[in-house]
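Scroll down for the structure; my scribbles are underneath it.
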Number of protein chains: 2
Amino acid sequence: MAGRAAEPEVIWARPERAGRGPKPAYSRRDIVDAAVRIADADGIDAVSMRRVAAELGCGTMSLYNYVPRKEDLYELMVDAVSGEYAFPEEPSGDWRADMTVIAHQSRAIMYRHPWLARVMTTAYAFSPNALRFLEWCLGCLVPLDVPPGLKMQLIAMVNGTVMATVANEQAIAERARGLPWSEAEEQAVRGAYLMGQVAGGRYPHLAGLLAEAPAAPVDADEIFDMTIARLLDSFAPPEDPLTAA
Amino acid sequence: MAGRAAEPEVIWARPERAGRGPKPAYSRRDIVDAAVRIADADGIDAVSMRRVAAELGCGTMSLYNYVPRKEDLYELMVDAVSGEYAFPEEPSGDWRADMTVIAHQSRAIMYRHPWLARVMTTAYAFSPNALRFLEWCLGCLVPLDVPPGLKMQLIAMVNGTVMATVANEQAIAERARGLPWSEAEEQAVRGAYLMGQVAGGRYPHLAGLLAEAPAAPVDADEIFDMTIARLLDSFAPPEDPLTAA
DNA sequence: CGTAGTTACGTACACCGTACGTAGTGCGGT
DNA sequence: ACCGCACTACGTACGGTGTACGTAACTACG
């Protein structure tokens with residue numbers, strides 16, 4: 001009889017392998033890496049157990065010896081790429097600068113793995129690398145003199161904002177995948193509908209806004225920086241200009 | 001020959017019905033309402049074309065006369081519940097107050113339809129009710145004297161923050177659905193893992209934080225209010241206290 | 001040295017979205 | 001008036017999904 005009872009468990013606490021039986025042909029990491037490879041190349045929806053098994057060259061059901069459920073595979077994937085954060089030895093002492101760097105790293109990782117932002121909203125957990133991340137953030141925030149709960153709020157908001165921003169950017173591109181027409185056509189049709197509606201006169205403010213800034217090729221990086229800066233500002237005690245120094 | 005060519009189109013521009021042939025037994029709205037009902041009751045993953053058809057008492061494929069693709073159904077669902085915003089006749093003139101009300105309404109709708117936050121990150125579009133929402137927000141922001149692009153950023157950030165907050169809250173509950181054990185067991189196991197890791201001594205800052213605020217049953221509503229207020233503060237010109245009045 | 005636990009993995013089931021074909025219906029044009 | 005055709009409803013079928021279960025081979029432990 002294979003398999004184990006469906007008892008509540010967390011993938012991180014489950015030992016990778018036991019000592020009995022034949023030597024496993026793969027490691028949990030092998031499977032996760034293959035899944036990440038597929039998701040990077042063909043999108044998260046292309047990650048099926050059969051596809052991962054094919055990538056590794058093994059039978060589909062063999063994967064279930066390493067990963068009990070597919071959702072766990074998602075958690076493992078998120079944790080794996082969360083290992084890409086590169087933190088220095090020590091926080092710089094400037095919490096604003098440190099948090100800005102963290103936000104940029106998060107964004108970079110989400111660009112490197114365009115499925116991350118979406119999956120994180122579902123499969124976020126206190127994985128090992130998530131704890132490492134949290135610990136680093138808290139270390140950076142030591143100079144910030146606010147209650148602990150507020151620090152967690154700050155981290156959550158920076159994180160959430162980065163995720164929401166990137167997820168929103170990528171939703172359009174991801175949606176185009178598997179559509180019977182191209183992304184350009186999709187955007188053209190949607191843009192045409194928007195313009196048609198706005199031209200109808202029912203949305204004067206929106207019309208005014210679109211008229212004022214007709215073709216504003218705003219720099220996404222710049223907006224991102226501004227957004228994060230604004231967010232951090234909102235946590236800095238306004239009447240204490242020495243805090244950030 | 002039924003069906004129509006797979007040309008780029010937007011569901012909002014597609015006419016609901018044409019005049020020929022037999023009278024349709026349902027309306028697009030009927031289908032969307034059924035889908036919303038199912039999603040409210042059993043989660044978004046329970047919304048399948050077969051299930052919706054069963055709810056309506058018609059054949060599965062009949063739905064495709066009303067909705068060309070399932071993804072369009074998602075968009076229609078988001079738009080439908082976006083119709084639940086109740087706006088007064090005119091903005092109050094206090095943009096901070098108005099935006100706070102909007103954020104609260106968004107949150108209430110997302111609680112009423114626990115699938116919304118997740119689906120919106122994928123199926124957000126310039127639907128009719130989204131335009132209505134945007135127009136109302138811009139109307140509220142008329143007293144705020146900043147460039148138009150910044151107003152859009154503000155709206156996007158408030159929206160994104162509400163979504164991220166609620167989605168994060170609901171991810172745990174949604175994840176528990178369809179799990180072979182209960183949500184309480186899930187949380188217990190995850191909490192135990194977290195505590196075990198933190199007790200290991202590798203995460204001193206995190207340990208300190210958890211020790212300081214041991215059982216802090218913080219009020220989610222209060223945190224939400226604070227977060228939104230903070231966000232709005234960050235857009236208010238700091239050296240002009242008259243703006244908000 | 002048996003045996004129990006583990007590995008690999010083929011088969012099977014329930015479910016999914018949806019392409020396609022068919023039959024019936026009722027409006028528009030002649 | 002009536003014919004044709006666009007449109008309706010919908011059954012069947014295909015290729016996909018996650019995964020429960022059974023079987024056979026293998027190895028470390030009592």
Side-chain angles (χ1 to χ4, degrees), chain A residues 1-7 11 14-28 30-31 35 38-39 42-76 122-123 175 177-180, chain B residues 1-7 14-28 30-31 35 38-39 42-76 122-123 175 177-181:
Chain A
M1 181 70 73
R4 70 177 66 196
E7 287 173 8
I11 183 71
R14 169 190 267 234
E16 179 141 11
R17 269 34 246 294
R20 279 296 182 77
K23 294 213 171 136
Y26 310 97
S27 72
R28 194 181 278 170
D30 289 335
I31 281 134
I38 294 167
D42 296 337
I44 190 66
D45 291 333
V47 176
S48 72
M49 299 305 267
R50 285 169 175 83
R51 175 81 187 272
V52 172
E55 173 93 6
L56 259 58
C58 70
T60 305
M61 294 314 290
S62 305
L63 301 181
Y64 285 89
N65 286 317
Y66 302 81
V67 176
R69 292 164 306 119
K70 177 152 188 217
E71 204 180 306
D72 288 321
L73 181 57
Y74 287 145
E75 283 195 32
L76 289 165
T122 292
R175 176 159 47 188
R177 218 191 279 268
L179 228 53
Chain B
M1 180 71 71
R4 71 177 67 194
E7 288 172 8
R14 168 190 268 234
E16 178 142 8
R17 266 38 244 292
R20 283 291 187 79
K23 294 209 172 140
Y26 311 97
S27 71
R28 194 181 278 169
D30 290 334
I31 281 135
I38 295 167
D42 296 337
I44 189 67
D45 291 334
V47 177
S48 70
M49 300 305 269
R50 284 170 177 81
R51 175 83 186 272
V52 173
E55 173 93 6
L56 259 59
C58 71
T60 306
M61 294 314 290
S62 306
L63 301 182
Y64 284 90
N65 286 317
Y66 302 82
V67 176
R69 292 164 307 120
K70 172 142 191 229
E71 203 180 308
D72 289 320
L73 181 56
Y74 287 144
E75 282 193 32
L76 288 165
T122 294
R175 177 159 46 189
R177 219 191 277 269
L179 227 53
W181 49 80

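Proteins get letters first, then strands, A, B, ... in listed order; numbering begins at 1 in each.
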Is the phosphate of D/dT8 approached by B/Tyr66 (side-chain N or O, under 4.0 Å from OP1 or OP2)? no
Check every atom of [options] against the side chain of [X] and return the nucleotide holding the closest atom.
| X | options | result |
| --- | --- | --- |
| B/Ser62 | C/dC16, D/dT19, D/dA9 | D/dA9 |
| A/Asn65 | D/dC10, C/dA8, C/dG24 | C/dA8 |
| A/Lys70 | D/dT19, C/dT18, D/dC10 | D/dT19 |

Between atom [atom1] of [X] and atom [atom2] of [Y], what is the distance when rounded to the nearest 0.5 Å?
| X | Y | atom1 | atom2 | result |
| --- | --- | --- | --- | --- |
| A/Tyr74 | A/Ile44 | OH | CD1 | 5.0 Å |
| B/Tyr64 | B/Asp72 | OH | CG | 10.5 Å |
| A/Lys70 | A/Leu76 | NZ | CG | 13.0 Å |
| A/Ile31 | A/Met49 | CD1 | CE | 8.0 Å |

Output the rounded distance in Å from [atom1] ([X]) to [atom2] ([N]).
| X | N | atom1 | atom2 | result |
| --- | --- | --- | --- | --- |
| A/Ile38 | D/dT17 | CD1 | P | 11 Å |
| B/Met49 | C/dT18 | CE | C1' | 8 Å |
| A/Leu63 | D/dT17 | CG | P | 13 Å |
| B/Glu16 | D/dA6 | CD | C1' | 17 Å |
| B/Ile31 | C/dG17 | CD1 | P | 14 Å |
| B/Leu56 | D/dC10 | CG | P | 11 Å |
| A/Asp45 | D/dT17 | CG | P | 11 Å |
| B/Leu73 | C/dC16 | CG | C1' | 14 Å |

Table of protein N/O atoms under 3.5 Å from nucleotides 10-14 of chain C N/O atoms:
none

More 5' along DNA chain C: B/Lys23 or B/Arg51, using each one's nearest nucleotide?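 Nearest nucleotide further toward 5': that of B/Arg51.
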Along DNA chain C (nearest heavy atom to each residue), the more 5'-positioned of B/Ala46 and B/Pro22: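 Whichever sits nearer the 5' end wins; that is B/Ala46.
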Please work out if [X] contacts a base, only the sugar-phosphate, or nothing of the nucleic acid, heavy-atom cut-off 4.0 Å.
| X | value |
| --- | --- |
| A/Ser48 | sugar-phosphate |
| B/Val47 | sugar-phosphate |
| B/Ala25 | sugar-phosphate |

If every non-hydrogen atom of [X] is compared with every non-hydrogen atom of [Y], which pair is closest and at what distance?
| X | Y | value |
| --- | --- | --- |
| A/Ala35 | A/Val47 | O-CG2, 3.6 Å |
| A/Arg69 | B/Leu179 | NH1-CD1, 3.0 Å |
| B/Leu56 | B/Asp30 | CD1-O, 4.0 Å |

Using a 4.5 Å cut-off on heavy atoms from C-beta on, say whether the side chain of B/Glu55 contacts that of B/Ile38. yes
Do side-chain atoms of B/Glu16 reach the backbone of B/Arg28 as a donor and acceptor pair under 3.5 angstrom?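 Yes, the answer is positive, given that a donor and an acceptor are paired below the 3.5 Å cut-off.
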Could you go step by step and tell me if A/Arg51 and A/Asp42 meet the salt bridge (Lys or Arg N to Asp or Glu O under 4.0 Å) rule? CA-CA 11 Å; A/Arg51 175 81 187 272; A/Asp42 296 337; 2.7 Å; yes
Roughly how bent is the helix from C/dC1-D/dG30 to C/dT30-D/dA1 end to end, in steps of 10 degrees, with each end axis from five pairs? 10°
